[in-house]
Protein chains: 2
Amino acid sequence: MSNQNKELKKTGLKATLPRIRILEVLELTKNEEAHMSAEDIYKELLAAGDDVGLATVYRVLTQFESAGIVKKHNFEEGHAVYEVISDDHHDHMVSLDDGTIYEFNDDLIEQRQKEIAQERGFELVEHSMVLYVRKINS
Amino acid sequence: MSNQNKELKKTGLKATLPRIRILEVLELTKNEEAHMSAEDIYKELLAAGDDVGLATVYRVLTQFESAGIVKKHNFEEGHAVYEVISDDHHDHMVSLDDGTIYEFNDDLIEQRQKEIAQERGFELVEHSMVLYVRKINS
DNA sequence: CTCCGTGCAAAAAATTTGCAACTCA
DNA sequence: TGAGTTGCAAATTTTTTGCACGGAG
């Protein structure tokens with residue numbers, strides 16, 4: 001039994017071919033920091049010879065999001081992108097010089113964010129933070 | 001000569017009625033933290049008796065963004081929202097319950113962000129931070 | 001065998017574009 | 001006047017939904 005199959009079982013979703021394949025694509029690209037859109041995944045699957053519908057990709061991604069195994073981002077214009085949720089949280093720092101993306105994590109900020117929400121009667125569910133930076137002396 | 005008229009002059013854009021009206025709507029709502037979508041602004045204008053096209057609202061907002069007088073956000077699902085850029089910087093907190101957007105500013109985090117960049121040899125140019133929160137049950 | 005899930009096509013929703021008419025400087 | 005701008009309609013793009021068939025348990 002594959003990894004994906006197990007993971008799907010845990011969510012209560014039936015281990016169907018489209019779901020397994022979509023999860024595979026997301027897992028394979030997760031180390032490359034490649035946030036993929038529904039369309040991207042769809043094309044990837046077609047190229048791999050799988051016969052899936054784009055609507056299914058959308059539906060499955062929505063189900064995965066509800067199940068808490070993928071995260072949907074609205075970073076980009078015009079379309080959402082998805083990434084598998086891993087255990088290590090990180091934020092992003094983007095170099096304006098060359099577009100390189102660095103990951104970082106800061107407990108002080110994480111803590112303060114929770115406090116800010118709580119001070120206003122909310123609980124922090126999640127956050128997104130991106131720092132746009134430029135190399136000093138260049 | 002109106003405020004909006006002056007502001008438009010500075011950008012090099014012709015001070016046309018649709019542009020002035022759109023800027024007015026954005027200015028009027030900026031204190032209410034009401035980040036509006038193109039559709040919102042369009043409906044607001046129609047309600048006020050102005051005869052504008054939705055396409056024009058989109059076009060004008062894009063021009064305003066290029067001119068640096070409004071900022072476009074993608075924190076909601078499905079559509080972008082806009083706000084006039086003012087001198088006081090703030091970040092956003094989005095309620096997952098009803099989509100309300102709150103603004104806040106935290107010097108501690110601002111300071112830490114600069115340090116994080118500097119520790120890695122960068123200078124912080126700008127940043128985006130959005131907290132997604134949920135009302136605490138009681 | 002029974003549902004849950006799928007593909008397809010069509011619908012919605014969000015945004016962009018082509019173009020003739022219009023208007024501000 | 002005349003380049004820049006607009007409104008309208010049609011085109012695109014992104015995502016969702018209805019429905020009959022098909023596959024997993």
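Letters go in sequence order (proteins before strands), and every chain restarts at 1.
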When the distance from CD1 of A:Ile41 to P of D:dT15 is rounded to whole Å, what number comes out?
11 Å
Without decimals, in angstroms, what is the distance between A:Glu39 CD and D:dT12 P?
15 Å
Round to a whole Å and report the spacing from CG of A:Leu13 to C1' of D:dG23.
16 Å
Round to a whole Å and report the spacing from CG of B:Asp51 to C1' of D:dT6.
10 Å
If you only use heavy atoms from C-beta on, which nucleotide in D:dG25, C:dT15, D:dT15 is closest to the side chain of A:His79?
D:dT15
Taking the nucleotide of DNA chain C with the closest heavy atom to each, which residue, A:Gly78 or A:Gly53, is nearer the 5' end?
A:Gly53
Does a side-chain heavy-atom distance below 4.5 Å link A:Ile41 with A:Leu61?
yes
Using five pairs at each end of the helix from C:dC1-D:dG25 to C:dA25-D:dT1 to define an axis, what is the angle between those two axes, to 10°?
30°
Dump the intermediate steps for side chain to side chain contact (heavy atoms under 4.5 Å, CB included) on A:Met129 and A:Leu131, then the final yes or no.
CA-CA 7 Å; A:Met129 173 166 63; A:Leu131 306 186; 4.2 Å; yes
Minimum heavy-atom distance B:His35-B:Asp40, with the two atoms named:
O-OD2, 4.5 Å
Which whole-number value in Å describes the distance from A:Ile20 CD1 to D:dG23 P?
15 Å
What's B:Ala80 touching, base or sugar-phosphate or nothing? Going by heavy atoms closer than 4.0 Å.
sugar-phosphate
Taking 4.0 angstrom as the limit, do B:Arg112 and B:Glu119 come out as a salt bridge?
yes
Whole-Å distance between C:dA14 P and B:Met36 CE?
15 Å
Answer yes or no: does a side-chain N or O of B:Thr16 lie under 4.0 Å from OP1 or OP2 of D:dG4?
no
Protein-nucleotides 2-4 of chain C N/O pairs under 3.5 Å:
unit_1, atom_1, unit_2, atom_2, d
C:dC4, O4', A:Lys14, NZ, 3.4

Can you tell me how far P of C:dT6 sits from CG of A:Leu8, to the nearest Å?
10 Å
Could you check whether any side-chain heavy atom of B:Leu124 comes within less than 4.5 Å of a side-chain heavy atom of A:Val133, counting everything from C-beta outward?
yes
Does A:Ala38 reach a base, just sugar-phosphate, or nothing at all? Heavy atoms under 4.0 Å.
nothing
If you count the non-hydrogen atoms of other residues, nucleotides and ligands that lie under 6.0 Å from NZ in B:Lys114, is the total more than 12?
no
Heavy-atom closest pair (B:Ile136 atom, A:Glu123 atom, distance to 0.1 Å) is CG1-N, 3.7 Å
For the pair made of NZ in B:Lys43 and P in C:dA13, what is the distance, rounded to whole Å?
11 Å
Correct closest heavy-atom pair for A:Tyr132 and B:Ser128 would be CE1-N, 4.4 Å
Are any of the side-chain heavy atoms of B:Glu110 and B:Asp91 separated by less than 4.5 Å?
yes
Here's one to test your reading of the geometry: is the NZ or CZ of B:Lys135 within 45 degrees of the ring axis of A:Phe122 and under 6.0 Å from its centre?
yes
Give me, pair by pair, the N or O atoms of the protein and of nucleotides 16-20 of chain D that are less than 3.5 Å apart, along with how far apart they are.
unit_1, atom_1, unit_2, atom_2, d
D:dG18, O6, A:Arg59, NH1, 3.2

Is any side-chain heavy atom of B:His92 closer than 4.5 Å to a side-chain heavy atom of B:Phe75?
yes
Salt bridge or not between B:Arg21 and B:Glu24? Use side-chain N to carboxylate O under 4.0 Å.
yes
